[in-house]
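Quick notes on the structure that follows.
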Amino acid sequence: MKNEFSTVDEQDLAYFKSVVTQMNFFTEAVILAEYDHDYTEDLHFKPNVVLIPETVDQISRIVKHCNSRNIPITVRGAGTGLSGGALPVYGGVLMSMEKLNRIIDIDLDNAQATIEPGVITQVFQEAVAAKGLFYPPDPASKGSCFIGGNLAENSGGPKAVKYGVTKDYVLNLEVVLADGSVIWTGANVIKNATGLNVTQLMVGSEGTLGIITKAVFRLLPLPQRDILMLVPFKKAEEACKAVSTIFQAGIIPSGLEFMERDALLFAEKYIDGIEIDIDETDEAHLLIELDGNDEGILIKEAEMIHDLLCRYDCGEILFADSQAQKDKLWKLRRSLGEAVKVNSIYKEEDTVVKRAELPRLLLGVKEIGTRYGFKSVCYGHAGDGNLHVNILKGEMSDAEWVGEKLKKGIREIFELCKKLGGTISGEHGIGLVQKEYMDIVFSQREMELQKAIKQAFDPNRILNPGKIWKD
Ligand code: 2HG
Ligand code: ZN
């Protein structure tokens with residue numbers, strides 16, 4: 001891939017300003033600095049200009065101009081990404097979708113909703129819940145992340161284990177292509193066997209194929225009941241081993257999260273309003289949620305889980321006995337990423353394997369860390385085999401942190417994922433920081449195919465350049 005783009009000049013800036021108006025056009029250093037990073041490590045890349053369009057037509061005109069002038073465009077949601085997808089690595093235009101934030105329609109007859117990409121995930125969930133409907137994908141950052149970013153990265157979250165990820169709810173997308181044309185990718189129907197599935201191609205493409213400007217989602221009936229339990233384990237490996245037993249018993253929890261002790265301790269220390277009783281001899285906890293409409297069935301399943309887990313070296317199970325306690329436990333879980341980040345500069349690897357391989361993955365990660373001299377804190381969606389491995393900078397020097405040795409260690413972790421039948425990202429995407437590891441999971445031919453698709457959508461490679469594939 002090339003990385004030579006035109007410099008944004010005065011005429012370009014004047015054109016952009018005329019399209020989005022003065023109030024949505026920014027070149028001041030202090031504003032550029034607000035948009036030069038996301039949640040990925042400590043990385044910063046300055047755009048030349050920040051544009052905040054309010055209409056699809058404005059986006060189309062900006063993209064068309066950039067395409068003709070060879071100016072890169074990086075689209076940004078809320079900036080909560082963890083693989084650097086929203087970083088404008090070649091400068092150019094940073095396009096924020098924050099003003100495309102309307103819930104256009106909630107169609108009760110068909111259990112569908114049409115929304116813009118700048119809607120906050122939790123705002124969308126609450127709007128449909130008020131009408132008895134359920135949009136399950138719930139990334140930890142659901143209170144701040146945008147649906148557009150969730151689409152770009154194919155986000156998951158705790159409920160994915162029972163309900164699937166973002167892609168499983170998308171029916172149709174409005175997309176601005178690199179030449180400025182506006183298309184719809186599919187139809188607002190549950191079944192669609194009509195031609196290639198461009199809708200699904202767009203989901204997870206990290207802003208490299210087009211700019212999503214509307215999305216139509218299918219929705220479910222809102223489950224009425226849930227049970228939440230917190231289970232301590234003396235050995236982290238035992239917690240991982242227990243996971244597949246639950247599924248083997250015919251139970252699909254609506255959340256099955258793994259949390260290592262250090263992650264919980266960080267959360268207690270760094271996030272206000274979180275205190276839980278953590279026995280320092282417990283290496284890990286599982287947070288298990290069951291949901292449905294029939295309280296009796298849920299209680300029976302919870303008892304089955306209790307009996308199953310007794311076969312493992314686990315301590316006393318805490319059953320949350322109020323909504324406030326459930327909220328507290330989920331807040332604790334959702335805060336882990338932030339807590340780790342506040343504690344130390346870190347690299348977050350989004351490893352994923354088949355769930356029964358989770359014990360081998362965890363042990364392998366720790367063994368690799370010992371050999372390469374890094375400490376990791378792990379937590380994640382155990383039911384999906386999706387383990388977030390947070391490598392801490394800790395005492396490492398700046399040179400060591402960006403050095404080849406650490407990269408080799410990370411490569412070994414990903415090679416282990418591949419060996420265990422998994423891959424290198426479950427829900428955070430490849431973006432900027434994981435692209436150098438793509439060769440572990442894709443052959444040259446497979447990569448050529450992906451690049452050919454990119455070429456078909458964006459021949460001048462102006463859309464989020466420097467992401468997913470190596471230049
Ligand atoms: C987590 O499981 C997430 O904590 C963090 O993967 C990602 O929601 C996020 O931003
Ligand atoms: Zn996660």
Go through the side-chain N and O atoms of [X] and [Y] and say whether any donor and acceptor fall under 3.5 Å apart.
X      : Y      : result
Tyr163 : Asp168 : no
Tyr312 : Thr245 : yes
Glu446 : Gln450 : no
Asn464 : Thr208 : no
Gln434 : Ser83  : no

Of all the heavy-atom pairs spanning [X] and [Y], show the shortest one and how long it is.
X      : Y      : value
Gly466 : Val89  : CA-CG2, 4.2 Å
Leu336 : Ala263 : CD2-O, 3.5 Å
Gln224 : Asn293 : N-OD1, 2.9 Å
Asp350 : Ser425 : OD2-OG, 2.8 Å
Thr185 : Met202 : CG2-CG, 4.0 Å
Ala178 : Phe457 : CB-O, 3.6 Å

[atom1] of [X]: more than 12 outside heavy atoms within 6.0 angstrom?
X      : atom1 : result
Gln323 : CD    : yes
Asp277 : CG    : no
Ile252 : CD1   : no
Leu196 : CG    : no

Run the salt-bridge test on [X] and [Y] with the 4.0 Å N-O cut-off and return the result as yes or no.
X      : Y      : value
Arg371 : Glu412 : yes
Lys234 : Asp282 : yes
Lys326 : Asp226 : yes
Arg411 : Asp439 : yes
Asp262 : Lys375 : yes
Arg225 : Glu295 : yes
Glu357 : Arg360 : yes
Lys341 : Glu338 : no
Asp327 : Lys331 : no

Exercise. Under the salt bridge (Lys or Arg N to Asp or Glu O under 4.0 Å) criterion, do Asp38 and Arg76 qualify, and how do the steps go?
Worked result: CA-CA 9 Å; Asp38 59 10; Arg76 176 187 173 95; over 6 Å; no
Exercise. Between Glu98 and Ser96, does a side-chain hydrogen bond (donor to acceptor under 3.5 Å, both in side chains) hold up when you go through it step by step?
Worked result: CA-CA 6 Å; Glu98 65 205 77; Ser96 169; 2.4 Å; yes
Would you say [X] and [Y] make side-chain contact, with heavy atoms under 4.5 Å?
X      : Y      : answer
Leu358 : Lys241 : no
Leu220 : Arg218 : yes
Met97  : Glu116 : no
Leu392 : Asn343 : yes
Glu436 : Lys407 : yes
Leu318 : Leu329 : yes
Glu268 : Leu264 : no
Tyr270 : Val340 : no

For this session: Please assess Leu463 against Ile211 for the test side chain to side chain contact (heavy atoms under 4.5 Å, CB included), listing each intermediate value before the final yes or no.
Result: CA-CA 8 Å; Leu463 295 176; Ile211 299 175; 4.2 Å; yes
For this session: Could you walk me through whether Tyr437 and Phe414 pass the ring-ring contact (aromatic ring centres under 6.0 Å, His included) test, one step at a time?
Result: CA-CA 8 Å; Tyr437 305 107; Phe414 287 150; 5.1 Å; yes
Got a donor-acceptor contact below 3.5 angstrom from the [X] side chain to the [Y] backbone?
X      : Y      : answer
Asp107 : Ala113 : no
Gln112 : Asn188 : yes
Glu260 : Cys378 : yes
Lys467 : Leu87  : yes
Thr351 : Ile424 : no
Ser322 : Gln325 : yes
Asn150 : Phe146 : yes
Ser155 : Leu151 : no
Glu206 : Ile430 : yes
Ser344 : Gly394 : yes

For this session: Report the relative orientation of the aromatic rings in Tyr379 and His388; use parallel for angles under 30°, tilted for 30 to 60°, perpendicular for over 60°.
Result: perpendicular
Exercise. Val243 and Leu286: side chain to side chain contact (heavy atoms under 4.5 Å, CB included), yes or no, with the steps?
Worked result: CA-CA 9 Å; Val243 168; Leu286 290 181; 4.2 Å; yes
Does the cation-pi check pass for [X] over [Y], that is, NZ or CZ under 6.0 Å from the six-membered ring centre and within 45° of its axis?
X      : Y      : value
Lys393 : Tyr346 : no
Lys214 : Trp184 : no
Arg333 : Trp330 : no

Problem set entry | Test log, rule side chain to side chain contact (heavy atoms under 4.5 Å, CB included), inputs His381 and Glu427 | CA-CA 10 Å; His381 318 290; Glu427 57 177 19; 2.7 Å; yes
For this session: Any chance you could lay out the side-chain hydrogen bond (donor to acceptor under 3.5 Å, both in side chains) test for Asp105 and Thr114, step after step, and finish with the verdict?
Result: CA-CA 5 Å; Asp105 177 45; Thr114 304; 4.7 Å; no
Exercise. Please walk me through it: do Glu448 and Arg445 pass salt bridge (Lys or Arg N to Asp or Glu O under 4.0 Å)?
Worked result: CA-CA 5 Å; Glu448 277 167 17; Arg445 186 72 193 97; 3.1 Å; yes
For this session: Can you measure from CG (Leu361) to NZ (Lys366) and round to the nearest 0.5 angstrom?
Result: 10.5 Å
Exercise. Could you go step by step and tell me if Lys405 and Glu400 meet the side chain to side chain contact (heavy atoms under 4.5 Å, CB included) rule?
Worked result: CA-CA 7 Å; Lys405 186 175 169 200; Glu400 283 170 334; over 6 Å; no
